[in-house]
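The figures here come from the full heavy-atom set of this structure, side chains too, leaving out hydrogens, waters and symmetry mates.
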Amino acid sequence: MGTLTYGMNISLDGYVADANGDLDWSTPDEELHQYWNDRTGQVALSLYGRKLYELMSAHWPTAGQAPDVSPVEAEYARLWLAMPKVVFSRTLESVAWNSRLERGDVVEAAKRLKAETDGLMEVAGAALAAPLVQAGLVDEFHVLVTPVLIGGGTPFFPSLDSWSKLELVENRTFRSGAVLLRYKTVRD
């Protein structure tokens, strides 16, 4: 059975994108980018929503060939292309870059994919993660707190009907001041 994780860079006030959908404030430095590279290299399957998939697929397939690309970005481009992805969308006709399309219910599909997958799974994006967090399917959270306040936007965590107890299993401070907080979900 797969272990489903959810992690993103978030602002200190808890957002993954500002009120205009801008993510530029969260651009990682080389050390933080290497953290994400290391994580991506371990992922057996990544779950994407349409919007984040379109954003990522517009950049990463060719980013590794740019003349001014840094080694850490070139590595991420290679890792992203190789990583198996399931894209949830009712509007996309096709997907590429080692991806397959899923049109079914996100929660039911995630349950099935967890049962079929050995190893680490990740859900990418707050909108897709919300119903999975609410359904109690996320096994681990990787919260990378960036030292910036953006004042509003897309929250990392959705509202919940009941409490979800977590256990801190790792914390790490990066030179940039970003802090990783990795939590496992405590199951009764």
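- The 12-atom threshold is not exceeded at CD of E30, counting heavy atoms of other residues, nucleotides or ligands nearer than 6.0 Å.
- Of the possible donor and acceptor atoms, one in the side chain of D22 sits under 3.5 Å from a partner among the backbone N and O of D24.
- Among all heavy-atom pairs drawn from L137 and A110, the shortest one is CD1-CB, 4.0 Å.
- Counting only N and O atoms by type, the side chains of S70 and E73 include a donor and acceptor under 3.5 Å apart.
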Residue pair N9, W36: steps toward the side-chain contact (heavy atoms from CB on, under 4.5 Å) verdict | CA-CA 10 Å; N9 296 340; W36 286 117; 2.9 Å; yes
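- A donor-acceptor pair is defined here as one N or O able to donate and one able to accept, closer than 3.5 Å; no such pair exists between the side chain of T5 and the backbone of E140.
- Here the side chains of L45 and V86 are in contact, with some heavy-atom distance below 4.5 Å.
- Note on M8: it clusters hydrophobically with L47, by side-chain heavy-atom contacts below 4.5 Å among ILVMFWY residues.
- A single hydrophobic cluster is seen to contain both V16 and V123, as judged by linkage of ILVMFWY side chains at heavy-atom distances under 4.5 Å, directly or through other members.
- Counting only heavy atoms from C-beta outward, the side chains of F88 and R50 never approach each other to under 4.5 Å.
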Verdict with supporting geometry, L144 and L32, side-chain contact (heavy atoms from CB on, under 4.5 Å) = CA-CA 9 Å; L144 266 145; L32 193 51; 3.2 Å; yes
Kindly determine whether T154 and Y15 satisfy side-chain contact (heavy atoms from CB on, under 4.5 Å), including the steps that lead there.
-> CA-CA 5 Å; T154 305; Y15 299 98; 5.6 Å; no
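- In the displayed structure, R90 atom CZ is contacted under 6.0 Å by at most 12 heavy atoms of other residues, nucleotides or ligands.
- Between atom CG of residue L128 and atom OH of residue Y6 there is a gap of 9.5 Å, rounded to the nearest 0.5 Å.
- The ring-ring contact (aromatic ring centres under 6.0 Å, His included) analysis of residues 125-148, with sequence neighbours excluded, yields the pairs F141-F157.
- Salt-bridge check for R182 with E167: failed, with every basic side-chain N at 4.0 Å or more from each acidic carboxylate O.
- In this structure, the side chains of V95 and Y53 come closer than 4.5 Å at one or more pairs of heavy atoms.
- Between L180 and F174, the closest side-chain pair of non-hydrogen atoms falls below 4.5 Å.
- The cluster map of Ile, Leu, Val, Met, Phe, Trp and Tyr, joined by side-chain heavy atoms under 4.5 Å apart, puts L149 and V179 in the same cluster.
- Around the NZ atom of K114, the shell of radius 6.0 Å holds more than 12 heavy atoms that belong to other residues, nucleotides or ligands.
- Taken to the nearest 0.5 Å, the OG1 atom of T3 stands 9.5 Å off from the CE atom of M121.
- In this structure, Q34 and V72 approach most closely via the heavy-atom pair OE1-CG2, 3.4 Å.
- You'll find the side chain of Y35 stays beyond 4.5 Å of the side chain of E31, heavy atoms only.
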Determine, stepwise, if the pair D13 / I150 fulfils side-chain contact (heavy atoms from CB on, under 4.5 Å).
-> CA-CA 7 Å; D13 49 352; I150 62 173; 3.9 Å; yes
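- In terms of heavy atoms, V106 sits closest to P131 at CG1-CG, 4.3 Å.
- Counting heavy atoms from C-beta outward, L101 and S89 have side chains that approach closer than 4.5 Å.
- Taking 4.0 Å as the cut-off between side-chain N and carboxylate O, E108 and K111 count as a salt-bridged pair.
- The hydrophobic cluster containing L168 also contains V145, counting ILVMFWY residues as joined when their side-chain heavy atoms lie under 4.5 angstrom apart, directly or transitively.
- In this structure, L12 CG and T146 OG1 are separated by 9.0 Å, a value rounded to the nearest 0.5 Å.
- Remark: aromatic rings of Y76 and W60 are close, center separation under 6.0 Å.
- Cluster annotation: V43 is connected to V87 through the hydrophobic network of ILVMFWY side chains, with a link wherever side-chain heavy atoms come within less than 4.5 Å.
- Side-chain contact between L52 and M56 is present, with at least one heavy-atom pair separated by less than 4.5 Å.
- No donor-acceptor pair closer than 3.5 Å links the side chain of E170 to the backbone N or O of L181.
- Between the OG1 atom in T185 and the CZ atom in R187 there is a gap of 5.0 Å [rounded to 0.5 Å].
- Closest of all the heavy-atom pairs between A44 and D118 is CB-O, 3.5 Å.
- Pairing each heavy atom of W25 with each of S11, the nearest pair is CH2-N, 3.2 Å.
- Between atom CE of residue M83 and atom CZ of residue R39 there is a gap of 10.0 Å, rounded to the nearest 0.5 Å.
- Between I10 and V143, some side-chain heavy-atom pair lies under the 4.5 Å cut-off.
- Taken from OG1 in T40 to CD in E122, the straight-line distance is 6.0 Å, to the nearest 0.5 Å.
- A pairwise comparison of heavy atoms in S57 and W97 identifies CB-CD1, 3.8 Å as the closest pair.
- Here D188 does not pair with K165 in a salt bridge; the nearest charged N to carboxylate O distance is not below 4.0 Å.
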